[in-house]
Amino acid sequence: MTRFSFDLKARDGRARSGVISTPRGEIRTPAFMPVGTAATVKAMLPESVAATGADILLGNTYHLMLRPTAERIDRLGGLHKFMNWDRPILTDSGGFQVMSLAGLRKLTEEGVTFKSHIDGSKHSLTPERSMEIQRLLGSDIVMCFDECPALPADRKRIEASMQLSMRWAARSRDAFGDRPGHALFGIQQGGLDEDLRGQSAEALRGIGFDGYAVGGLAVGEGQEAMFSVLDFAPDQLPEDKPRYLMGVGKPDDIVGAVARGIDMMDCVLPSRSGRTGQVFTRRGVVNIKNARHADDPRPLDEDCTCPACTGYSRAYLHHVFRSHEMISGMLLTWHNLHYFQELMSGMRDAISEGTFDAWQEGFHAQRTKGDI
Ligand SMILES: CCCSCc1cc(N)cc2c(=O)[nH]c(N)nc12
Ligand SMILES: [Zn+2]
């Protein structure tokens with residue numbers, strides 16, 4: 001059986017490109033991971049997600065434990081079979097979603113108790129239960145159970161939260177056990193503080209993981225503050241393991257993160273924006289609901305090869321969006337995911353050829369600040 005491994009193939013400055021090998025296939029890095037929260041990337045068939053170039057997608061412990069439950073998915077053959085996706089799946093550990101979605105939350109050393117946002121039923125999550133759920137789902141890359149403090153928060157709160165997350169990381173590691181072919185990623189915390197993040201990185205190194213996530217960002221701090229953390233945080237993590245920045249982001253966030261040494265990212269933005277009519281292109285953002293598109297026969301992007309751009313006009317996409325037709329979300333989501341994967345592919349090639357600086361200049365030069 002293929003074990004989990006990371007082959008770092010090229011560097012250009014701090015940017016890196018490589019390949020993560022798993023029993024379910026390879027993941028080309030830098031990689032963007034579409035989010036399939038409730039066992040579906042919304043408005044997309046799995047084969048369509050694969051056609052955009054995605055090597056891996058994400059699932060959510062929090063959502064799937066509530067509905068249809070991890071035990072039911074396990075009885076039905078696991079998440080890959082359940083959602084008809086046979087490539088790698090990474091699952092988040094649930095704590096972040098509890099704090100952002102659930103009601104009546106109680107946080108203790110043991111874990112969190114909460115009421116479901118779906119039906120108000122009471123549940124609990126601990127590092128041990130999160131590992132069990134992710135095992136039942138059949139996740140290829142499992143995330144440690146952590147606590148992500150809401151910003152702004154004072155240093156003492158961030159320090160205490162980070163230290164709790166490190167104790168939970170050790171419990172996650174113990175509960176995960178030895179599962180060849182499956183990976184466990186640690187999650188660095190520590191807010192915007194270089195010293196706290198250094199302490200977190202050292203604690204995670206001491207425990208030992210197959211990959212390391214930069215957590216605690218993309219929680220409202222803004223791009224400048226996020227980049228200031230990425231100016232030091234990735235290099236605090238082991239160089240020979242994948243570095244995953246959680247919850248990021250807009251195209252320019254992604255490019256800036258790759259330039260600072262990040263290998264993997266995820267975000268709901270391309271799929272969520274596809275449903276709200278916000279279209280990302282190499283020249284900037286198109287808000288398809290704007291009346292000026294009503295008679296425009298051009299595609300969203302003449303240079304794009306996705307089904308939305310090769311088969312339809314802006315006028316049509318404007319019409320079906322305004323008419324709340326389902327095809328609108330399907331086509332715009334497909335285009336956005338295709339564009340995000342084109343970005344990643346362009347960066348992988350540029351890093352491999354040693355032309356990443358020029359690629360970045362071209363990326364920024366093409367974009368306008370306003371709607372196009
Ligand atoms: C499917 C969603 C994955 S990313 C969710 C997420 C997003 C952001 N921004 C931060 C964190 C974090 O610090 N910890 C954890 N477990 N998850 C986070
Ligand atoms: Zn397109």
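Read the numbers this way: they start at 1 and go in the same order the structure lists the ligands and their atoms.
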Q) His318 side chain to Ile288 main-chain N or O, any donor-acceptor pair under 3.5 Å? A) yes

Could you find the nearest protein heavy atom to [atom] and give me its residue, atom name and distance?
| atom | value |
| --- | --- |
| atom 13 (O) of ligand 1 | Gly216 N, 2.8 Å |
| atom 11 (C) of ligand 1 | Phe96 CD1, 3.5 Å |
| atom 14 (N) of ligand 1 | Asp146 OD2, 2.8 Å |
| atom 17 (N) of ligand 1 | Asp92 OD2, 2.9 Å |
| atom 4 (S) of ligand 1 | Asp266 OD1, 3.4 Å |

**Q.** Distance-only polar pair, side chains of Ser130 and Gln134, donor-acceptor under 3.5 Å
**A.**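 Side-chain D/A pair, Ser130 to Gln134: present.
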
Does the pair [X]/[Y] count as a salt bridge with the N-to-O cut at 4.0 Å?
| X | Y | answer |
| --- | --- | --- |
| Arg167 | Glu147 | no |
| Asp210 | Arg3 | no |
| Arg135 | Glu128 | no |
| Arg129 | Glu132 | yes |
| Asp119 | Arg67 | no |
| Lys250 | Asp253 | yes |

Proximal atoms of ligand 1 relative to [X] (non-hydrogen, under 4.0 Å):
| X | value |
| --- | --- |
| Ile187 | 16 (N) |
| Leu217 | 8 (C), 9 (N), 10 (C) |
| Gln97 | 2 (C), 5 (C) |
| Gly215 | 13 (O) |
| Cys148 | 12 (C), 13 (O) |
| Asn60 | 1 (C) |

Q.
Is the positively charged end of Arg260 above the ring of Phe227, judged by distance under 6.0 angstrom from the centroid and angle within 45° of the axis?
A.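 The answer is yes; both the distance and angle limits are met.
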
Q) Counting heavy atoms only, which part of Gln189 comes closer than 4.0 Å to ligand 1: side chain, backbone, both or neither? A) side chain

Q) Which angle, to the nearest 10 degrees, do you find at the Zn ion (ligand 2) between SG in Cys309 and ND1 in His335? A) 100°

Q. Looking at the Zn ion (ligand 2), is one of the N, O or S atoms of His338 less than 2.8 Å from it?
A. no

